[in-house]
Structure formats: C-alpha cells, structure tokens
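Following this message is one structure expressed as structure tokens.
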Amino acid sequence: MDSLDLWPQLVALGQVVAIDLVLAGDNAIVVGMAAAAVPLAQRRKVIFWGIAAAIGLRIFFALITAQLLAIIGLTLAGGVLLLWVCWKMFRELRSHGTDEIAPDEAMDAPDISPAGGPGGGVSGAAMGTAAAAAAGGATVGAAIWQIVVADVSMSLDNVLAVAGAAKDHPTILVIGLILSVVLMGAAANMIAHLLHKHRWIGWVGLLIITYVAIDMIWRGSREVLRHTAWIL
C-alpha cells in the first residue's frame, strides 16, 4: 500500500482511538456518579445495568450507522451535538475532575441514607440524584433511568464522532465502532481512572473531538446545501 494512502488512514485511526478512550471514560464516570447516589447494597446492580445499557446502545447505534449517515443533515446535527459535548468536556477538565467518581470508587463511597445522611466524598451531582430518587421512592430505578438517558446521548455521540473521524475509511469505521463497545465493556473503569490521573489525555481528546465536530459541521453544511440545490 502506498504511504500516501496509508497516512490518512493512520491519522483517522488515531483520532478514532482517542475519541473512544475519552468518551468511554466519560460514560464510566456518569455510571459511577449515579451509582454513588444509591444505597451501598444496590450500587453493584446500578453499575451492572448502567454499563450494560451503554454497551447495548453502542451496539444498536453501530448497527444502524449506515442508515444514520444516509440521513441528510444528520452529519451537521451530529457536529453541533459534538460541539456541545466539547463544551461540557472543557468545563469538566477546567474543574480538574473534582466531581468525578469511577464505578469502583462508587462502591467505596459512604452510604447515603434516604433521610440525607453523611455524603462523604459523594459529588453534588450524585447527591442531587439521590435526593430526587428518594423523593420518588425508587432510588435504584431513578439512578438506572438517569444512566440510560445519558447513555443514549453519549452512545450516539460516540458513534457519530467515530463516523466523522473515519470519513471515507470504512475499515477504520468498523474498527472504531467495535473498539467503542469493547472499551465500554472491558476497560471503562480503568480508562476513567487514567483520564482522572492524566488530565492531558482528556485535553488531547477534547482537541480531536472539537476538530471532528467542526469538520462534521463543515461537511454537513455542504451536504445540506448541495441537497437543497444551493450548490450546483
């Protein structure tokens, strides 16, 4: 294979790997924060179903990627959505991850009583989830529902970002989608710790995802304009 043909594929693969790493870590932190908000005896159940939902949704979106990419305007919408993800990531990185809790850390967090007992190291966001869940009388159900809602957005973000980075390299797209599922299922907790310890990895991932988002907005805008016959 010509080196000129290989280089774009290697760049795309590097972008895809970085995107999968960062977004899998972020997804794991969402699961950990929600799990820390429920009673200790129920946390393993929340973590299990949270991770399972993330894996299932990634598989679902991966299977319909071709149909998603065929929708005129979705590339543009996906780019805008990724920009919003970038803004949230930027705010999290600036806060130095003070509210982040990985799934295994959630298992060690102090128990939370429905009456509002000691919170210890549990984040404000997780405490808010606990209070809301306790008020509804279904703490575990509320936590799992919160994770599923977040997983829908994050899984779609992951698939669209991988598709945007892979561009015209179908093999890279397949590798990226498989990798996103594998990382979420087998290494999400470890990645969450890695991102928390080495913040620079998150900043590199943020730059890559921002570039992909801007590129998707550019390509998606041209696609929409071309489809509406504004570009001949």
Side-chain angles (χ1 to χ4, degrees), residues 1-27 30 54-94 149-184 191 195 200-232:
M1 180 182 294
D2 193 289
S3 60
L4 293 178
D5 295 329
L6 181 61
W7 177 247
Q9 295 186 46
L10 291 177
V11 170
L13 180 61
Q15 292 177 345
V16 163
V17 171
I19 289 168
D20 282 339
L21 283 172
V22 173
L23 294 184
D26 273 0
N27 211 153
V30 168
I55 294 172
L57 286 165
R58 275 166 168 74
I59 292 174
F60 171 72
F61 285 126
L63 291 175
I64 63 171
T65 298
Q67 289 85 347
L68 288 175
L69 296 179
I71 300 174
I72 302 298
L74 187 63
T75 300
L76 173 59
V80 174
L81 182 62
L82 282 181
L83 274 185
W84 171 242
V85 172
C86 291
W87 169 242
K88 291 193 295 182
M89 287 180 60
F90 174 74
R91 292 174 60 186
E92 291 167 3
L93 288 169
R94 283 190 64 189
V149 170
D151 280 345
V152 171
S153 174
M154 298 185 80
S155 298
L156 181 59
D157 292 341
N158 200 159
V159 170
L160 290 176
V162 167
K167 296 180 183 177
D168 298 322
H169 306 295
T171 302
I172 303 299
L173 174 60
V174 172
I175 292 173
L177 295 176
I178 292 174
L179 183 62
S180 71
V181 174
V182 172
L183 288 177
M184 195 62 237
I191 294 169
L195 294 175
W200 65 268
I201 299 177
W203 285 106
V204 171
L206 174 61
L207 289 174
I208 292 174
I209 296 175
T210 302
Y211 167 78
V212 171
I214 294 173
D215 182 64
M216 288 177 69
I217 290 173
W218 169 252
R219 291 186 292 111
S221 299
R222 290 178 59 84
E223 178 185 68
V224 171
L225 292 174
R226 188 179 298 111
H227 184 72
T228 54
W230 290 358
I231 295 180
L232 300 178

- Item | Distance, nearest 0.5 Å, that separates CH2 of W200 from CG of L206 | 14.0 Å

- Task: From the options I178, V159, V162, select the one residue that forms a side chain to side chain contact (heavy atoms under 4.5 Å, CB included) with L173.
- Result: V162

- Query: Hey, what do you get for CG (L81) to CG (D157), rounding to the nearest 0.5 Å?
  - Reply: 4.0 Å

- Heavy-atom distance under 4.5 Å between the side chains of T171 and Q9, does that happen here? no

- Non-neighbouring partners of T75 that pass side chain to side chain donor-acceptor pair (under 3.5 Å), sequence neighbours left out: none

- Task: Only counting residues at least two apart or in another chain, list the ones meeting ring-ring contact (aromatic ring centres under 6.0 Å, His included) with W218.
- Result: none

Residues 12-20, side-chain donor-acceptor partners within the protein, below 3.5 Å, at least two apart:
unit_1: D20; atom_1: OD1; unit_2: N158; atom_2: ND2; d: 2.9

- Query: Any idea which heavy atoms bring R58 and S155 closest together, and the distance?
  - Reply: NH1-OG, 3.0 Å

- Measure the CG-CD1 distance between L83 and I209 for me, rounded to the nearest 0.5 Å. 11.0 Å

- Non-hydrogen atoms of A161 and V212 that approach each other most closely: O-CG1, 3.7 Å

- Results of salt bridge (Lys or Arg N to Asp or Glu O under 4.0 Å) for D215 - residues two or more places apart only: K167, R219

- Item | Interatomic distance, L74 atom CG to M216 atom CE [nearest 0.5 angstrom] | 7.0 Å

- Would you indicate whether W87, at its atom CH2, is surrounded by more than 12 heavy atoms from other residues, nucleotides or ligands within a distance under 6.0 Å? no

- Given side chains that start at C-beta, do those of L23 and M154 come closer than 4.5 Å, heavy atoms only? no

- Note on the structure: So CD1 of I172 and CG of L10: to nearest 0.5 Å the spacing works out to 7.5 Å

- Query: Taking all non-hydrogen atoms of both residues, which atom of D151 and which atom of A54 are closest, and how far apart?
  - Reply: OD2-N, 3.2 Å

- Pairs in or reaching into residues 72-89: which pass salt bridge (Lys or Arg N to Asp or Glu O under 4.0 Å), with residues at least two apart or in two chains? none

- Task: Compare every heavy atom of L160 with every heavy atom of G78, then report the nearest pair and how far apart it is.
- Result: CA-CD1, 3.7 Å

Please list every donor-acceptor pair under 3.5 Å in which a side-chain atom of residues 59-70 meets a protein atom from a residue at least two apart or in another chain.
unit_1: T65; atom_1: OG1; unit_2: F61; atom_2: O; d: 2.9
unit_1: T65; atom_1: OG1; unit_2: A62; atom_2: O; d: 2.9

- Nearest-0.5 Å distance that lies between atom SG in C86 and atom CZ in R91: 14.0 Å

